[in-house]
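Reckoned from all heavy atoms, side chains included, excluding hydrogens, waters and symmetry mates. Every chain is numbered from 1 and lettered A, B, ... according to where its sequence line falls, protein lines coming before strand lines.
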Amino acid sequence: MDPGPNAALLASVRASPAPDATRPLDVGALRGRLVRFALKLVWNRDDAEEIVQEAFRVAFALPSRPPDAVLERWMLRTVANLAMNLRRRRRPEPLGAWIDPPATGSPQADAERVEALERLREAMDRLPDRQRLVLVMRTMEQMDYETIAATMELSVAAVRTHVHLARRRLAELMGERRGRETTA
Amino acid sequence: MNTCEMTLLKLDDWLDGMLDESDRAAIRAHMAECEACRAAFCAAETLQANLCVLGAAADAIASTPRVQRRHVAISRATLWRIAAALVIAAGGFWAARLTMNAQRTGRGSANDAQRPVQLSPAHQVAALEVETSPRDDVRVSADGDVMAVRIKSSNPRVHIVVLYPTTPAASATPTPPADEKSKANI
């Protein structure tokens, strides 16, 4: 099979180091990671920062501080729940300024690429909450299945199933969209 | 379960990089012969790569300092709005100039407004006393063998004076209406 233009990107993603669970907790780094995670769910920086702020507020209200590794997972889960329950979202951040230009350098290819990514973002919003969460954790946060399972308090098999269903549903949604555009 | 179904079952592990080399070689060999599986794997890899790009974009948005982020947003997102505002402003200025020119020269063309009133030499123009009171829309006056009817137009700079002979000897036909800019033109 021809590896295609995505092979290098996939290889770099696979080679990136997994988060180290044994490192001491750095609150600033944790906040940054939580904001990045929340942003992948709500796609607005102000919303993401407010969610993380609320998660920290709840964490500081806990009667006793849990161990760092547990706290990090707990914060991730809290942020995920807050993001899923966010009723009124602000406008999503535009992607155009944040996507690296493709190798062709053509403005048309640029625009088409950004448009495809916007469509993908919209399709992700239509996934069931749990599928979207585990897909974001697996493909965007590069978390392994065991960490996702521990964070979401699910079995590894359940996480694998959710990721599989999310990928399949996402492919269907993108295929439907492409089909509608072709027939229109 | 046929080969295609078995191959597609390994799609997730393929995307997650969890297959050993023998499995990967077997999948490559199958895809070399099966176009449907090849298309499915390519589509899944493209989707996976686009998700990675989305994730990287989100990381960039979240990690960029606010000031720099606002600068980028202005330079990219507002560019078209600024250009549109400039075009609208230029169009408005051009339209205003056209309107001012039209008001200055009257409703007709500039040539019509500046053309001197053509009068028949038979009329004793100098002896006419045309009323110029601004309150009257139509004024009639006469002197000797000429009657003047002055009609005000909606444009304050233009009015119409029609001269009629009061005696058949003066002229056989009335002078056609003519625009004029002021009494001094008569």
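- Note on Leu62(A): it clusters hydrophobically with Phe56(A), by side-chain heavy-atom contacts below 4.5 Å among ILVMFWY residues.
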> Given Asp16(B) and Arg160(A), is the salt bridge (Lys or Arg N to Asp or Glu O under 4.0 Å) satisfied, shown in steps?
Replying inline: CA-CA 11 Å; Asp16(B) 292 328; Arg160(A) 283 180 177 275; 5.1 Å; no
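- For chain B, the nearby part of Tyr145(A) is the side chain; its heavy atoms alone come within less than 4.5 Å.
- Rounded to the nearest 0.5 Å, atoms CD (Glu93(A)) and CD1 (Ile61(B)) are 5.0 Å apart.
- Taking the side chain as every heavy atom from C-beta outward, His164(A) and Leu15(B) never approach each other to under 4.5 Å.
- Taken from CG in Leu47(B) to CZ in Arg168(A), the straight-line distance is 14.0 Å, to the nearest 0.5 Å.
- Put simply, the side chain of Leu11(B) does not reach to within 4.5 Å of the side chain of Arg167(A), judged on heavy atoms.
- Linking Ile, Leu, Val, Met, Phe, Trp and Tyr whenever their side-chain heavy atoms come within less than 4.5 Å puts Val27(A) and Leu71(A) in one cluster.
- In this structure, chain B has heavy atoms under 4.5 Å from both the backbone and the side chain of Leu170(A).
- Residue Leu76(A) is not grouped with residue Val70(A) when hydrophobic side chains (ILVMFWY) are merged at heavy-atom distances under 4.5 angstrom, including chains of intermediate members.
- More than 12 heavy atoms of other shown residues, nucleotides or ligands fall within 6.0 angstrom of atom CZ in Arg77(A).
- Looking at Arg36(A) and Ser63(B), their side chains come closer than 4.5 Å, going by heavy atoms from C-beta outward.
- Of the residues Met140(A), Glu118(A), Lys40(A), the one that meets the side-chain contact (heavy atoms from CB on, under 4.5 Å) test with Leu54(B) is Met140(A).
- Counting heavy-atom pairs closer than 4.5 Å to chain B, the top-ranked of the candidates Val136(A), Leu95(A), Leu120(A) is Leu120(A).
- Transitive grouping of hydrophobic side chains (ILVMFWY, heavy atoms separated by less than 4.5 Å) keeps Ile82(B) and Val87(B) in distinct clusters.
- Of all heavy-atom pairs between Ala62(B) and Val35(A), the closest is CB-CG1, 4.0 Å.
- When the shell of 6.0 Å around CD of Glu54(A) is examined, it contains more than 12 heavy atoms from other residues, nucleotides or ligands.
- Residues Leu173(A) and Leu165(A) do not share a hydrophobic cluster, clusters being chains of Ile/Leu/Val/Met/Phe/Trp/Tyr side chains in contact below 4.5 Å.
- Atom CD of Glu21(B) is surrounded by more than 12 heavy atoms from other residues, nucleotides or ligands within 6.0 Å.
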